[in-house]
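Just below is one structure, and these are the notes that go with it.
Just so you know, ligand 1 is whichever comes first in the structure, and atom 1 is the first atom listed for that ligand. These values consider heavy atoms only, across backbone and side chains, with no hydrogens, waters or symmetry-generated copies.
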Amino acid sequence: MGCLGALLFLLGGLGALAQICEITEVDSTLVERLGQRLLPWMDRLSPEQLNPSIYVGLRLSSLQAGAKEAQYLHSLKLSYQQSLLSVVNWCCPVSASSNDNSDSEARPSMGQLALYLLALRANCEFVEGRKGDRLVSQLKRFLEDEKGAIGHNHQGHPHTSYYQYGLGILALCVHQKRVHDSVVGKLLYAVEHEQHLQQGHFPVDTLAMAGLAFSCLELSNLNPNQRNRSTVALRRVQEKILKAQTPEGHFGNVYSTPLALQLLMASLRPTVELGTACLKAKAALLASLQHKAFRNPLMISQLLPILNQKSYVDLISPDCEAPRVLLEPATETPSQTQVPEFIHVTLKVSSIFPSYRHSVSVPVSSSLEDVLKKAQEHSRFRYGTQPSLSGPYLTSVMGKKAGEREFWQLLRAPDTPLLQGIADYRPRDGETIELRLVGW
Ligand code: B12
């Protein structure tokens with residue numbers, strides 16, 4: 001045992017090990033800057049731009065947005081209640097299909113409904129009354145449908161994903177709503193036979209979400225018959241996440257680290273190995289913050305809780321009286337008007353016939369979305385997107401829509417998948433970006 005190990009052992013002896021995965025003493029200006037990036041998004045109150053995850057992230061953070069926060073929750077309530085009441089048989093998630101040109105079928109998916117329930121709980125509300133009961137029944141029905149899609153012999157897949165399945169169970173759990181053992185059983189099976197989760201592209205995020213759901217069930221004792229299985233699965237999740245730590249310290253990648261830390265923080269089984277891994281992850285995360293890796297509001301919303309030593313499991317009994325620092329809008333430094341410098345980016349699509357390859361010129365620090373727009377204006381390139389909580393999701397390229405369990409993957413040539421979406425990724429001069437239709 002090295003020096004660090006010895007220190008952690010000592011802390012454990014003092015009963016402090018339970019907090020060993022907490023990310024404390026982060027520069028408060030860094031945290032505030034993250035929060036400030038959420039503020040402009042809180043002015044976007046149209047149903048397709050509302051994002052319950054932003055509200056949850058802020059309420060579990062050390063920051064508050066004053067009157068904006070209440071207004072945002074109000075808009076969320078109007079939008080979600082309306083969707084519920086206007087659709088008699090509210091079901092079936094928005095599929096990953098679209099027309100070319102932006103399309104926006106704005107019916108909340110299972111995961112979005114779950115996030116909305118988390119948002120209510122973040123405001124210390126329990127779903128209740130007739131409307132509340134309908135929300136709960138709806139989410140339970142979603143989960144039952146997904147259970148059916150997975151099938152008796154577990155050969156099928158949920159229509160959405162195991163990530164959303166975990167989110168659904170977690171949301172009901174923090175509202176103390178019990179789901180059937182067989183629903184929890186499907187998620188347990190998926191974790192026990194991990195190839196089901198490996199098939200997805202982001203096993204760490206999915207494992208972390210499943211783990212958060214199991215932690216909540218364990219703490220709330222909602223499915224006592226599944227307790228032993230759930231305990232073993234939780235340990236497995238923790239081990240898998242620790243094994244997925246990269247040499248720099250991230251769990252999976254930089255963007256799965258916040259959820260992974262939420263899970264590890266909520267862990268009831270701290271170990272020395274866990275403490276060491278968390279310290280390393282903290283260092284990696286702080287370095288990413290310095291490099292401004294966190295600009296996407298959804299990503300910030302998953303990160304803010306851990307910088308306040310909180311996880312979604314804390315929504316079992318949230319502290320709505322905890323003092324939080326009021327966010328002021330960022331002061332803008334006036335940019336000097338300069339002649340924009342241009343870069344060249346090559347766009348490549350081989351998954352269609354005839355294949356496509358074209359170079360476009362865009363101003364420095366343009367997004368990939370700007371590149372796609374430019375290519376569409378100046379060549380035969382066509383694309384379609386769908387709004388999502390993470391931003392515009394690329395659904396079709398050259399008229400070819402991604403089918404069920406397929407997606408248009410974004411890669412930097414020759415073969416590096418991008419870690420950001422089209423709105424956030426900023427290509428460098430000379431880069432080739434490939435859009436590739438793949439299964440998941
Ligand atoms: C499941 C999942 C997928 C599935 C989605 C299909 C499905 N039916 O579920 C697949 C494998 C297809 C996928 C693809 C991609 N994903 Co993804 N995905 C996730 C995951 C695990 C859960 C998303 C979810 O269900 N959220 C909950 C629901 C309620 O929210 P929602 O907005 O309604 O969900 C939809 C969107 O999230 C959308 N979606 C999924 N991924 C992404 C990524 C981006 C950038 C956008 C705009 C939309 C989007 O699909 C969801 C279902 O419709 C998250 C993990 C996380 N920590 O959030 C990563 C995550 C969001 N994905 C990520 C990335 C990078 C991608 C890709 C860009 C990878 C690539 N190189 O191609 C592509 C998207 C490319 C495109 N066409 O625009 C990153 C985003 C990081 C960031 N900086 O924003 C995350 C955080 C994973 C990670 N740790 O790196 N993803």
For [X], counting its heavy atoms only, list the atoms of ligand 1 lying under 4.0 Å from any of them.
X	answer
Tyr255	81 (C), 83 (N), 88 (C), 89 (N), 90 (O)
Pro392	47 (C)
Trp408	75 (C), 76 (C), 77 (N)
Gly111	29 (C)
Leu410	68 (C), 70 (C), 71 (N), 72 (O), 75 (C)
Gly421	45 (C)
Ser256	89 (N)

If only side-chain N and O atoms count, and only distance matters, is there a donor-acceptor pair under 3.5 Å linking [Y] with [X]?
X	Y	answer
Glu369	Tyr383	no
Ser301	Tyr55	no
Glu125	Asn123	yes
Glu431	Thr346	no

Is there any N or O on [X] that sits under 3.5 Å from an N or O of ligand 1?
X	value
Gln420	no
Gly391	no
Leu418	yes
Thr206	no
Gln409	no
Gln164	yes
Trp440	no
Leu389	yes
Leu394	yes

message = Which residues pass the ring pair (Phe, Tyr, Trp, His ring centres under 6.0 Å) test with Phe294, not counting sequence neighbours?
response =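 Expected list: Tyr255.
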
query = Tyr163: what forms a ring pair (Phe, Tyr, Trp, His ring centres under 6.0 Å) with it, not counting sequence neighbours?
reply = none

Give a yes/no verdict on whether any heavy atom in [X] is under 4.0 Å from an atom of ligand 1.
X	value
Leu419	yes
Leu298	yes
Gly252	no

N-O pairing of [X] and [Y] below 4.0 Å:
X	Y	value
Glu32	Arg37	no
Asp415	Arg436	yes
Lys310	Asp319	no
Arg324	Glu69	yes
Glu144	Lys147	yes
Arg229	Glu192	yes

Under-4.0 Å heavy-atom contact with ligand 1, by part of [X] that carries it:
X	answer
Ala402	neither
Thr160	backbone
Asn253	side chain
Leu259	side chain
Tyr393	both
Gln302	side chain

request  = Validate the cation-pi geometry between Arg121 and Phe126: distance from NZ or CZ to the six-membered ring centre under 6.0 Å, angle to the ring axis within 45°.
outcome  =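 Yes - Arg121 lies over the ring of Phe126, closer than 6.0 Å to its centre and within 45° of its axis.
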
request  = Begin with the C-alpha distance, continue with both residues' side-chain angles, and end with the deciding distance and a verdict on side chain to side chain contact (heavy atoms under 4.5 Å, CB included) for Ile422 and Ser367.
outcome  = CA-CA 7 Å; Ile422 57 168; Ser367 67; over 6 Å; no

May I ask which of [options] has a heavy atom nearer to [atom] than the others do?
atom	options	answer
atom 86 (C) of ligand 1	His159, Met110, Gln386, Met299	Met299
atom 24 (C) of ligand 1	Phe294, Tyr163, Tyr116	Tyr163
atom 33 (O) of ligand 1	His250, Gln112, Glu404	Gln112

4.5 Å side-chain heavy-atom contact, Ser62 and Leu307 =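 The answer is no; the side chains never approach within 4.5 Å.
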
ask   = Does a side-chain heavy-atom distance below 4.5 Å link Pro417 with Gln409?
value = yes

